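Encoded as structure tokens, the structure appears first; notes follow it.
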Amino acid sequence: MKDKEVKKLIDLEKKRQKSVINLIASENYVSSDVLTALGSELTNKYAEGYSEHRYYGGNEYVDKLDNLTRARALKLFKLSPKKWSVNIQALSGSPANLAVLVALVPPGEKIMGMSLDHGGHLTHGYKVSVTGKWWKQVPYGVDQKTEVLDYEKLKELAIREKPKLIIAGYTAYPRFVNWERFRAIADACGALLMVDMSHISGLIAGGVYPSPFRYADVVTTTTHKVLRGPRSALIFSCHDSRELDKKIDKAVFPGLQGGPHMNQIAAVAVALKEALTPTYVKYAKQVVKNAEVLADELQKLGWRIVSGGTDSHLLLVDTWMNGKGIGGKEASDRLEKNGIIVNKNTIPFDTRSPVDPSGIRLGTPAETTRGKTEKDMRAIAQKIDRILKKK
Ligand code: DSN
């Protein structure tokens with residue numbers, strides 16, 4: 001690479017990534033094939049439109065790549081093209097979620113989404129996101145005592161508020177979600193059900209987390225978390241008389257975006273094929289085992305784990321413990337100084353501020369990619385404990 005300044009920064013970041021223990025629940029390390037596709041000549045191509053209906057010439061191979069990627073995405077989640085469509089052009093998770101709302105919910109209407117401090121995402125209608133400005137969020141959360149979803153309370157809320165669309169699937173909820181119960185709630189108030197499976201799509205692909213497809217009308221996912229692809233997103237929608245898929249395609253292009261990033265789409269295709277292998281299934285299983293052991297060991301060392309554990313790749317540690325411990329910011333800073341990268345995180349019913357909340361979020365996808373197993377997780381938990389308890 002001729003640009004020495006940029007080369008130096010890339011090399012330093014590469015070195016940093018290798019030298020730390022990465023417990024950011026939403027990060028991962030992609031394969032060299034994914035990197036090759038990302039850095040390919042496909043970045044030179046403009047391909048506005050959809051396969052076989054483009055606004056520029058020269059899309060012979062791009063169309064083939066587009067068709068291949070969509071076929072792989074449907075195959076990975078065991079979906080029939082007769083029942084499901086997938087849009088592969090959204091540039092990442094936030095624009096994907098916005099596209100669904102633009103397509104399916106008139107501005108000013110209500111959308112029901114989990115509050116940010118309980119584990120929801122900004123784009124599920126939080127006030128600082130455009131999704132909270134153009135639509136009215138009906139916020140919901142977990143039960144204060146159990147710290148898990150209370151489906152009866154959700155149903156009462158949905159019937160009272162009558163949102164047009166309900167969003168399930170979160171960024172900081174460690175437990176299984178009962179998609180069937182969500183379908184019943186959506187039906188009880190006449191809402192569409194959208195599942196944002198960004199955090200768990202890799203676990204669903206690996207068969208270690210329940211699939212939402214039997215129950216949802218629309219499913220969005222980023223591709224760079226457990227799924228281990230490039231930063232991008234997929235939007236799956238039911239392909240029926242309601243024409244949700246057509247509305248979503250129009251919202252993505254020309255509604256919100258211009259030309260798709262075809263190099264990114266090629267890298268998604270590579271990651272999807274990787275996720276279709278037995279090696280990936282083994283990986284997904286290990287991700288969950290590692291998270292369970294990390295939670296268990298921290299609990300043994302005296303830390304409170306939100307909801308008492310995890311069913312997935314992530315866990316929330318209450319580091320504050322009603323003033324007996326330390327704040328999430330200090331915890332995250334201290335860990336980073338000692339080579340462990342995490343993010344500070346609110347816990348449900350947090351009394352502290354989001355910039356210095358009561359907890360941290362830990363995830364195992366990245367370290368599992370690097371070959372870590374249960375014994376490493378026990379050692380990491382002990383290291384975390386020593387760092388956080390140091391006076
Ligand atoms: N920012 C991602 C996360 O860390 O969960 C969600 O988009």
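Heads up: numbering here begins at 1 and tracks the sequence. Small disclaimer: the values here were computed from a predicted structure and weren't measured. Quick note: numbers below take in every heavy atom, side chains included, and nothing from hydrogens, waters or symmetry partners. One-based numbering, in listed order, for ligands and for the atoms of each.
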Identify each donor-acceptor pair in which a side-chain atom of residues 262-270 lies under 3.5 Å from a protein atom, sequence neighbours left out, and give them as a table.
residue, atom, partner, partner atom, Å
N263, ND2, L38, O, 2.9
Q264, NE2, L91, O, 3.2
Q264, NE2, R231, O, 2.2

Notebook entry, point to check: Would you call D217 and R242 a salt bridge, using N to O less than 4.0 angstrom?
Noted result: yes
State whether a side-chain donor-acceptor pair under 3.5 Å links Q286 with T373. no
query = Does W320 have R352 sitting over its ring (NZ/CZ under 6.0 Å from centre, angle to axis within 45°)?
reply = yes
Side-chain donor-acceptor contacts of residues 155-164 below 3.5 Å, not counting sequence neighbours, with atom names and distances?
residue, atom, partner, partner atom, Å
E161, OE1, K110, NZ, 2.8
K162, NZ, I159, O, 3.1

Chain-and-number sorted residues having a heavy-atom contact under 4.0 Å with ligand 1 are S26, H121, T171, H199, K225, R361
Contacts of R378 meeting side chain to side chain donor-acceptor pair (under 3.5 Å) (sequence neighbours excluded), chain-then-number -> none
